[in-house]
Amino acid sequence: MEVQFPDGRRLPAHPGISVGELLGTWSPEKARVALAALWNGKPVDLAFRVQEAGSLAPLTFEDRAGWEILQHSSAHLVAKAVVETIPEALPTHGPPTDDGFFYDFDVRPLTPSDLDAIDAAMRRSVEGRERFARREIGRASAEALFAKNPYKLRYLAEAPASEPVSVYDTGGFTDLCRGPHVPDTHWLEGVHLLGFSAITPDRPESRPLQRIRGVGFPTRAELARYLKIREEAAARDHRVIGQRQELFVFADHAPGFPFWLPNGMVIVRELEKFVTEHLRTASYSEIRTPLLFARSVFETSGHWDHYRENMFVSAIEGKEYGWKPMNCPGAMLIFGSRARSYRELPLRFAEFAPLHRYEPSGTLHGLLRVRELVQDDAHLFVTEDQIEPEMRVLLAWIKEAYATFRLDWSAELSTRPATFLGESADWDRAEAVLTRVLDGAGVAFRPSAGEGAFYAPKIDFHVRDSLGRPWQTGTIQLDYQMPRRFRLEYQGADGHLHTPVVIHRTILGTWERFVGVLTEHLAGRWPPWLAPVQVRVLPVTDAHGAAARGVADELSAEGLRAEVAPSDESLPKRVRAAELDRVPYVVVVGDREVADGSVSVRLRGSKAAQSMSRAEFLAHVAGKVRRREFEP
RNA sequence: GCCGCCAUAGCUCAGUCGGUAGAGCGGCUGAUUUGUAAUCAGCAGGUCGAGAGUUCAAUUCUCUCUGGCGGCUCCA
């Protein structure tokens, strides 16, 4: 029999030979880095023995599938260490995730010293080079083996009967597992525990499980590299930069309610201008509606039944009011405030109003998850025919907007949640429209079942923070329900009354979250158009103070944000401070510059200064700002 | 909200085996007038997150609360 390899070569093989040996004869170098293999496209252990002809390819840590195998093996190692450390702990399951692995246990709440002990036990296993040995056993003996672990028994019961039951032995520890695994625990030299937490049980009657999270690498060097990257990412944290650059603060007395500082407000206003320009060209009009509405409005909108646990509520004169968590009710009331004609449609109402949402205390996270937020929100009242053209404009605008910030984004299509308003037929139609629009625009998206708003399916846009955690920013929602519930109508060309369809949409999402993710994305190095201070002018000595003031005034007169750092500190110190403040342009004015009317310009992040005329510099900065260029 | 951890000067952090606290940076003042990532000196700043308990004595030990951090859940 013959075995085929990825480079096309075919080698003879005896039945019963292991894929590890086969890879070794094919390519010793590739076999050395292989942690598992693909046999006829299916992942298998290196110890797997082939019985007939087929195709074979190595799997390494660099392959996604190989990476996942190593994470999964790391999870087994954790389970082994936990059972050694806390014998009564019941392992449940331990899959790889997007960025590592976890293993959940039914066990008493863990402590940090448990984690140390678990880590030490893992080290011992790694040193011991314990093999991951596969055994296929009968269902009955598996049930006997895991008789004391109801979780494993459940997985056994749920596994298809046709599938053989396999277990893996690792240094005296046995776990139910389909595999495959790395050959031995020495492959897990770079395993690292990230922490533990209680996880909310999926069924209310069951006990909370303890989750241990970690990430595995085949070598200590690779782990060290990962830890270094994480450390650098922590320095980009928007909470750290926001403090350093004085963008925003929080107060104990108002948890989750951001206080925007002057520098942060500059950024917010610039972003506002950025989206408002589009509103003008795309024929939006702006509205402003109340922050509070009587309870009855939210009963009409459905918020009272479906969103109440996220709302702040106030009472006065015995009447209940809700703080609006979304802008839609106000827009609906304005649409319904007089008779409407089809000639007015599409009617696009933008509203950037503060919204209040009661977010549980444990979920608050700097600017990324707050209780008071402002969306760059709009509601588009359209006819059925206008849905797709409007959607296309929105998608194009979102792509363009995010490209301005060089943000990597991904899209999700979130469909009807467990409890939703209206009829399934409407949802089918709305979900189909969104799918068609996404496909038509060539936007790749991930379906996200059950994640839609209670009133509409939505396209969500996500960007990631410095640690790779995704955050939803923009959203486009297609709503058949709310206009009906508010009894909105317009008179059509046919003389009959029709209900409009509403598109709820945000482009950047909220100023809070967007500034948060943008801070991390940029590591605080704002493009000139967003920088709170665009130019800092440094006079070399007091004698150049007036000239420096003159340069700053000239820039300010052009609407640029310039300031002077007076000469009571040394020049190197002021240059350093400007660099740490991430000011895009540092201008030095001394004897030479005063003499010839020039400026010495240092661009952020560059060691070298360049000389240019004042007019030249002003034109340069003004142009960068006007065109919203990314780099100074 | 759930599990764990944390809370000392504006910031970053020492420290007190229970006897009310220090540094660097920042701030202020003075000297220095500086040519592209830190000039020197002095001074001011803290009921050690809040409340209660134990104690002769609590910033330190215990409990409760508040806020924050990492997860879970949730979400723009």
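On a predicted model such as this, the values are computed, not experimentally measured, just so you know. Residue numbering restarts at 1 for every chain, and letters A, B, ... go by the order of the sequence lines.
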For [X], answer base if it contacts any base atom (sugar-phosphate contacts may also be present), sugar-phosphate if it contacts only those atoms, and nothing otherwise; contact means non-hydrogen atoms under 4.0 Å.
X: A:Glu579; answer: base
X: A:Arg592; answer: base
X: A:Leu110; answer: sugar-phosphate
X: A:Thr475; answer: nothing
X: A:Asp460; answer: nothing
X: A:Asn310; answer: nothing
X: A:Val586; answer: nothing

As a test of reading the structure: which of [options] is closest to the side chain of [X], going by heavy atoms?
X: A:Arg369; options: B:C74, B:U36, B:C5; value: B:C74
X: A:Glu593; options: B:G35, B:U34, B:A37; value: B:G35
X: A:Ser600; options: B:C3, B:U36, B:G67; value: B:U36
X: A:Thr541; options: B:C72, B:U33, B:G67; value: B:U33
X: A:Arg513; options: B:G67, B:C75, B:G70; value: B:C75
X: A:Lys573; options: B:G35, B:G71, B:U39; value: B:U39
X: A:Pro112; options: B:G4, B:G35, B:A37; value: B:G4
X: A:Phe196; options: B:G4, B:G35, B:C3; value: B:G4
X: A:Ala609; options: B:U33, B:U36, B:G68; value: B:U36
X: A:Thr363; options: B:C72, B:U36, B:C3; value: B:C72

Without decimals, in angstroms, what is the distance between [X] [atom1] and [N] [atom2]?
X: A:Arg213; N: B:C72; atom1: CZ; atom2: P; value: 6 Å
X: A:Leu580; N: B:U12; atom1: CG; atom2: P; value: 16 Å
X: A:Arg357; N: B:U73; atom1: CZ; atom2: C1'; value: 17 Å
X: A:Tyr585; N: B:U36; atom1: OH; atom2: C1'; value: 17 Å
X: A:Arg230; N: B:G71; atom1: CZ; atom2: C1'; value: 11 Å
X: A:Leu364; N: B:C2; atom1: CG; atom2: P; value: 14 Å
X: A:Glu412; N: B:C74; atom1: CD; atom2: P; value: 13 Å

Considering only atom [atom1], compute the distance from [N] to [M] and round it to an integer number of Å.
N: B:A57; M: B:A41; atom1: P; result: 45 Å
N: B:U59; M: B:A52; atom1: P; result: 12 Å
N: B:G22; M: B:C3; atom1: C1'; result: 36 Å
N: B:G18; M: B:A58; atom1: P; result: 14 Å
N: B:C69; M: B:U8; atom1: P; result: 14 Å
N: B:C75; M: B:C17; atom1: P; result: 50 Å
N: B:A38; M: B:A44; atom1: P; result: 29 Å
N: B:A7; M: B:U12; atom1: C1'; result: 14 Å

If you take atom types as modelled and just measure distance, does the side chain of [X] reach the base of [N] with a donor-acceptor pair under 3.5 Å?
X: A:Arg244; N: B:C11; answer: no
X: A:Asp542; N: B:U33; answer: yes
X: A:Arg602; N: B:A37; answer: yes

Lys/Arg N to Asp/Glu carboxylate O, [X] vs [Y], below 4.0 Å:
X: A:Arg269; Y: A:Glu272; answer: yes
X: A:Lys273; Y: A:Glu270; answer: yes
X: A:Arg348; Y: A:Glu390; answer: yes
X: A:Glu520; Y: A:Arg236; answer: no
X: A:Glu412; Y: A:Arg446; answer: yes

- Does any non-hydrogen side-chain atom of A:Leu271 lie less than 4.5 Å from one of A:Asp376? no
- Message: Do A:Met391 and A:Leu434 make a side-chain contact, defined as non-hydrogen atoms from C-beta onward lying under 4.5 Å apart?
- Response: yes
- Task: Verify ring-ring contact (aromatic ring centres under 6.0 Å, His included) between A:Phe352 and A:Trp511, making sure each step is shown before the conclusion.
- Result: CA-CA 10 Å; A:Phe352 302 172; A:Trp511 306 136; 5.7 Å; yes
Taking only the side-chain nitrogens and oxygens of [X], find out if one of them lies under 4.0 Å from OP1 or OP2 of [N].
X: A:Ser570; N: B:U39; answer: yes
X: A:His365; N: B:G70; answer: yes
X: A:Arg239; N: B:G70; answer: yes

- Consecutive Watson-Crick or G-U pairs in runs of at least 3, all under 3.5 Å, in which RNA chain B is involved: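 The stems that RNA chain B takes part in, listed by first number, are B:1-7 with B:66-72, B:10-13 with B:22-25, B:27-31 with B:39-43, B:49-53 with B:61-65.
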- With rounding to the nearest 0.5 Å, note down the distance linking CZ in A:Arg244 to CZ in A:Arg582.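 Result: 7.5 Å between the selected atoms.
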- Between A:Gly195 and A:Glu451, who's closer to the 5' end of RNA chain B by nearest nucleotide?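 With A:Gly195 and A:Glu451 compared, the 5'-side residue is A:Gly195.
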- Task: Specify the residue among A:Gly452 and A:Gln243 whose closest nucleotide of RNA chain B lies further upstream toward the 5′ end.
- Result: A:Gln243
- Task: Could you verify whether a donor N or O on one side chain and an acceptor N or O on the other, from A:Asp460 and A:Thr475, lie under 3.5 Å apart?
- Result: yes
- For the residue pair A:Thr415 and A:Trp427, confirm or rule out a side-chain donor-acceptor distance under 3.5 Å. no
- Task: May I have the step-by-step check of side-chain contact (heavy atoms from CB on, under 4.5 Å) for A:Tyr455 and A:Gln477, ending in yes or no?
- Result: CA-CA 9 Å; A:Tyr455 48 84; A:Gln477 311 174 348; 2.7 Å; yes
- Spell out protein contact along nucleotides 40-48 of chain B as letters: B when the base is contacted, S when just the sugar-phosphate is, - when no protein heavy atom is under 4.0 Å; keep the 5' to 3' order. ---------
- Message: Under a 3.5 Å distance rule, please check whether A:Arg371 uses its side chain to pair with a backbone N or O of A:Glu359 as donor and acceptor.
- Response: yes
- Query: Looking at the angle O4'-C1'-N9-C4 for a purine or O4'-C1'-N1-C2 for a pyrimidine, is B:G45 syn or anti, with syn meaning within 90° of 0?
  - Reply: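 Here B:G45 takes the syn form, which means its glycosidic angle is within 90° of 0.
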